[in-house]
Amino acid sequence: MDLSCIIQSGDLELYVLGMLPPEEASKVKTLAQLFPEIQQELDAIASTFEAGAMQMAVTPSSSVKDKLMASLPAKSGAVATPEANGSPARVVEMKTVAEQRSSFSKLAIAASWGLFLLAGAFAVYLYNGNQQLKNDVATLQQNATTSEQQVAELNKKVSSYELYRQLKSDPSLTSVALASVKPEVKQQAEVFWNKATGELFIDPSSLPPAPKGKQYQLWFLIDGQPTDAGMISLTDVASIQKMKQAKPGAQMFAITLEDEGGKPTPDLSALVVAGKVG
């Protein structure tokens, strides 16, 4: 499984900061249990955050230690007096516990706000990076889909061309060219017919797309009587199509533009192309 997308998504950083939605956090926890690489990445992120926090820490001045030591009683339990030390007594002003707690609370609140703002800014940065990554992935997927469609279309055209060559070179098939009935309109088609078996193919690639609600219909004529040979697919006009079998004795083939789904008898006013069997 490719874990790079998960590692680079920014979700792991948000998980360490505790800012990932519960459902997403549960997924990350499960992944960490399944894949050591994910757990290692989480540990590395936590270590990085901890190192950053340590760098931001403020080292107290040396006077703080002196004041702290002066406020502590002697370890021996004896009380040091001015007479014992041979020096005058020094009065040390001690803050009450409440005052000390108040100072510590203010410092803790300030540090908490600083860390909160830092975490918030980092989370926004990760979120923006994550969104950009998702957009890039979506663009790549769309491009891949487009490329796959183009390749599929190209493969279809190649397959159709190969089939056309086979039909054209097959001695058992008779090729019938269907020319436009209107000289000013450039449209044509080609039929391949096996007179012995009745097998029938058509290449409609040179016909214009059918208008909405219309569909091309193929006919063969015996003694002037038309017989339906099938509808030409609307979605596969560029490819060679196998049609219904044509009866022996067919003298002509023709195509009309009928209402979608076709008719039992042709509309001669909608005749598009036609050609006689040689």
Side-chain angles (χ1 to χ4, degrees), residues 139-278:
T139 301
L140 289 174
Q141 290 176 340
Q142 184 176 1
N143 293 339
T145 301
T146 302
S147 299
E148 289 176 357
Q149 292 173 347
Q150 292 174 345
V151 170
E153 187 66 25
L154 180 60
N155 288 336
K156 183 186 293 186
K157 290 181 179 179
V158 171
S159 299
S160 181
Y161 177 71
E162 290 296 328
L163 179 58
Y164 177 83
R165 288 182 56 190
Q166 294 175 14
L167 296 175
K168 196 74 173 176
S169 60
D170 190 340
S172 66
L173 298 176
T174 299
S175 174
V176 182
L178 309 184
S180 175
V181 297
K182 299 178 181 180
E184 70 276 8
V185 180
K186 294 183 179 180
Q187 51 190 3
Q188 60 185 18
E190 190 171 3
V191 166
F192 300 94
W193 176 39
N194 188 319
K195 294 182 179 181
T197 64
E199 197 172 24
L200 185 63
F201 298 89
I202 186 170
D203 176 14
S205 58
S206 296
L207 291 175
K212 186 176 181 180
K214 296 289 185 178
Q215 189 174 4
Y216 290 112
Q217 187 169 1
L218 178 64
W219 309 86
F220 64 87
L221 285 77
I222 300 178
D223 297 331
Q225 296 298 319
T227 302
D228 173 37
M231 305 302 299
I232 297 175
S233 172
L234 288 171
T235 59
D236 205 20
V237 177
S239 301
I240 292 177
Q241 302 175 30
K242 187 173 184 179
M243 310 301 290
K244 295 179 180 179
Q245 290 187 348
K247 296 179 181 179
Q251 301 161 333
M252 177 181 286
F253 290 92
I255 294 176
T256 56
L257 185 61
E258 306 288 355
D259 292 334
E260 191 172 338
K263 295 181 179 179
T265 57
D267 180 1
L268 296 180
S269 65
L271 187 61
V272 177
V273 293
K276 291 183 179 180
V277 179

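Residue indices begin at 1 and follow the sequence shown. Note that the structure is predicted; figures quoted are calculated from it, not measured. Every heavy atom of this structure was used, including side-chain atoms; hydrogens, water molecules and symmetry mates were not.
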Would you check if [X] and [Y] make a side-chain contact, meaning some heavy-atom pair closer than 4.5 Å?
X      : Y      : result
Tyr216 : Leu257 : yes
Asp203 : Leu167 : no
Ile202 : Glu190 : no
Val191 : Leu178 : yes
Thr256 : Asp267 : no

Subject >> side-chain contact (heavy atoms from CB on, under 4.5 Å) between Ser175 and Lys168, worked out >> reply: CA-CA 7 Å; Ser175 174; Lys168 196 74 173 176; 3.6 Å; yes
Original post:
Within the distance-only criterion (no hydrogens, no angle test), does the side chain of Gln251 pair as donor or acceptor with the backbone N or O of Asp223 below 3.5 angstrom?
Top reply: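 Checking the backbone N and O of Asp223 against the side chain of Gln251, a donor-acceptor pair under 3.5 Å is found.
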**OP:** Check whether any side-chain N or O of Gln215 sits under 3.5 Å from a backbone N or O of Glu258 as a donor-acceptor pair, and report yes or no.
**Re:** no
Could you state the interatomic distance from [atom1] ([X]) to [atom2] ([Y]), rounded to the nearest 0.5 Å?
X      : Y      : atom1 : atom2 : result
Tyr164 : Ile240 : OH    : CD1   : 7.5 Å
Leu271 : Trp219 : CG    : CH2   : 11.0 Å
Gln241 : Ser205 : CD    : OG    : 10.0 Å
Glu199 : Leu173 : CD    : CG    : 7.0 Å
Phe192 : Met243 : CZ    : CE    : 13.5 Å

Contact summary for [X] and [Y], nearest pair of heavy atoms:
X      : Y      : value
Gly275 : Val176 : O-CG1, 3.8 Å
Gly230 : Lys244 : N-CD, 3.9 Å
Ile222 : Gly249 : CG1-O, 3.7 Å
Ala254 : Leu221 : CB-CD1, 4.4 Å
Phe220 : Ala229 : CD2-CB, 4.0 Å
Ala189 : Val273 : CB-CG2, 4.5 Å

Subject >> Residue from Ile255, Val272, Asp228 passing side-chain contact (heavy atoms from CB on, under 4.5 Å) with Gln217 >> reply: Asp228
Original post:
Taking the six-membered ring for Trp, are the ring centroids of Trp193 and Phe253 within less than 6.0 Å of each other?
Top reply: yes
Original post:
Got more than 12 heavy atoms from elsewhere within 6.0 Å of NZ, Lys182?
Top reply: no
